[in-house]
Number of protein chains: 2
Amino acid sequence: MPSPPTHAEARTPKRPVVRRASERVAPKTSPATPRPTDDAETTSARILEAAEELFCASGYAAVSAGDVARRAGVNKALVFYHFGNMRGLFEAVLERYYEAHRKGLADALAEGGDVRARMHRLVDAYLDFMSTHARYARLVQAQLSDAETHALVEKSFTPLYRFIEETLLEVAPDEGEAAARQLFVTFSGAVINWCTYAPLLSRVIGGEPLTPPLLDERRAHVRWLVDLVLDALERRAVAPRARRAQPSRR
Amino acid sequence: MPSPPTHAEARTPKRPVVRRASERVAPKTSPATPRPTDDAETTSARILEAAEELFCASGYAAVSAGDVARRAGVNKALVFYHFGNMRGLFEAVLERYYEAHRKGLADALAEGGDVRARMHRLVDAYLDFMSTHARYARLVQAQLSDAETHALVEKSFTPLYRFIEETLLEVAPDEGEAAARQLFVTFSGAVINWCTYAPLLSRVIGGEPLTPPLLDERRAHVRWLVDLVLDALERRAVAPRARRAQPSRR
DNA sequence: ATCTCGGTTGACCGAACGGTCAACGCGTCC
DNA sequence: GGACGCGTTGACCGTTCGGTCAACCGAGAT
């Protein structure tokens, strides 16, 4: 029995303990070039990168281990040696993006300033991340029906929600959680959908949503929307017009 | 060669020319006979329904023909007999939803009224449809990376976009298309994401987004957002207020 | 020099895949 | 009665799937 290294216990639990995937991204000369041995990039990083591209392009269920191995230029068995099974590989890809996501937003969430400045910084950083990682966003959306993926993705959304909740409670403390959760979905959707629906949008509206002219237009729009909402919340807070909740016509 | 009915020419191209799925009543002979062989539902309808459930639950690539046949309680070969191949089955499911989508919004798009009333009616109807067809919305989002699906889905979005474009140009004619396309994504995202992200949202916020208490809250929020935006647009179009008297739009 | 051990390989497995095929039951029309 | 054609069936095809296995390799440690 050859005893697969760390995956003996990785098969039953969930975390396959991905090897160091950092260092430099490396040139990645050509796909599927038969590298002599592991130089610069470690093998698992090559697999991870190939899997990332394929998952984002076609979705989890449509990618086979053979595809990943071919793209990475390694033997198929290595995929299972390093990541246990396909699910482990998928979660490793998600985990890697989670890290990029967290880092991309860390600054925007940490710095101070007044409510407006913080919100602007957040939507800016969020739009930056999503527009440069649109394929990842699409991958997550593609897994929205899969309950097993929710726990992984929840980690990315909760801090965002907490931030918006705290920030909005500051400017409109008597609105309660309702305004926070509603605006969280509205704002995050305003950013995310522009990026995930980009290939479809380009057919409906003219131009490419993820390239400068339209991307800047989107940024300006979301900022305008944030201002609009904050103005309304402040106005409502200053003039305590208690009854405003319109109880929907139906 | 037994010559599959209409799919002989469907093998080489891509569109499998789905059989008419709308003719539930007997074709032309024996109009009053209560379906001699197949009871109640015709076989292709059973397949279509099973496929719909499975596709929505797991995504296109994760569903096999055997799964569909087993769920529908029919022989696997019938899937290919009626729909040519898996892609044809998938497109038939999409087409069926497109019909429901179109019908669900037809009234809201057709009736008149002022801009505010029309927009309120639209977002109401859109939220109604999406909240009751959240799985379909998720299925479409899951196929967002697939270029071949875009053409099918585009049909649903374009009339919606045109409606918003026309309506907004009425209240803010000097904003151009920019405002229209930006607000189209913002509003549609505000409705769609609440429904597609529901399983994930229920983990971040408390409660179920698609059941009455929170769904009504969402409806009120989107209506509030529409009002906020329309107010801002009207305010911005102060100078050329000449066009006030209900210009005949259609 | 031998042993160990993590990384690597190609061959291999059973299952499941999408799709096909010949045959059949049965109602319809000549 | 007989030919016909549609819907249906179970067996079947070649391919690919996720995953396993024994063997192998080169570098350190002894």
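All figures in this text were calculated on a predicted structure; none of them were measured in a lab. We name chains A, B, ... by the order of the sequence lines, and we start the count at 1 in each one.
- Atom pair Lys76(A):NZ and dG18(D):C1' shows a separation of 6 Å (rounding to whole Å applied).
- Note: CG (Leu89(A)) to P (dG18(D)) measures 11 Å, nearest angstrom.
- dG19(C) atom P lies 8 Å from atom CE of Met86(B), rounded to whole Å.
- One atom, CG of Asn85(B), and another, P of dT15(D), lie 19 Å apart when rounded to the nearest Å.
- Residues Thr43(A) and His82(A) have side chains that never bring a donor and an acceptor to within less than 3.5 angstrom of each other.
- Seen from the ring of Phe157(A), Arg203(B) does not count as a face-on cation partner, given the 6.0 Å and 45° thresholds.
- Nearest-nucleotide positions on DNA chain D place Gly73(B) closer to the 5' end than the other of Ala65(A) and Gly73(B).
- We find that CZ of Phe90(A) is positioned 19 Å from C1' of dG19(D), with the value rounded to whole Å.
- Leu78(A) has its CG atom 7 Å from the C1' atom of dG7(C), to the nearest Å.
- Residue Ser64(A) places no side-chain N or O under 4.0 Å from the OP1 or OP2 atom of dT16(D).
- Residues Met86(A) and Tyr60(A) have side chains in contact (heavy-atom distance under 4.5 Å, counting atoms from C-beta outward).
- Rounded to whole angstrom, the span from the OH atom of Tyr81(B) across to the C1' atom of dA11(D) amounts to 19 Å.
- The phosphate of dG7(D) has neither OP1 nor OP2 within less than 4.0 Å of any side-chain N or O from Thr43(B).
- Comparing atom distances between the Asp67(B) side chain and each of dG19(C), dC17(C), dC17(D) picks out dC17(C) as nearest.
- Taking 4.0 angstrom as the limit, Asn75(B) places a side-chain polar atom (N or O) nearer than this to OP1 or OP2 of dG10(D).
- The residue from Arg135(A), Arg138(A), Gln141(A) that alone fulfils the side chain to side chain donor-acceptor pair (under 3.5 Å) condition with Thr196(A) is Gln141(A).
- Proximity note for Phe80(B) (side chain, C-beta onward) versus dT8(D), dG19(C), dT8(C): the nearest is dG19(C).
- Within residues 56-63 of chain A, the residues approaching DNA chain D are Val63(A), by heavy-atom distance under 4.0 Å.
- Contact of the Tyr197(B) side chain with the Val185(A) side chain is not registered, since no non-hydrogen atoms from C-beta on lie closer than 4.5 Å.
- Distances were taken from every side-chain heavy atom of Ala77(B) (C-beta onward) to each of dG18(C), dG6(C), dT20(C); the shortest belongs to dT20(C).
- Here dT20(C) presents its P atom at 16 Å from CZ of Phe83(B), a figure rounded to the nearest Å.
- Using a 4.5 Å heavy-atom cutoff, the side chains of Val68(B) and Arg71(B) are not in contact.
- In this structure, His82(B) reaches the dT8(D) phosphate: one of its side-chain N or O atoms is under 4.0 Å from OP1 or OP2.
- By the 4.5 Å heavy-atom criterion applied to side chains, Tyr126(A) and Ile192(A) are counted as neighbours.
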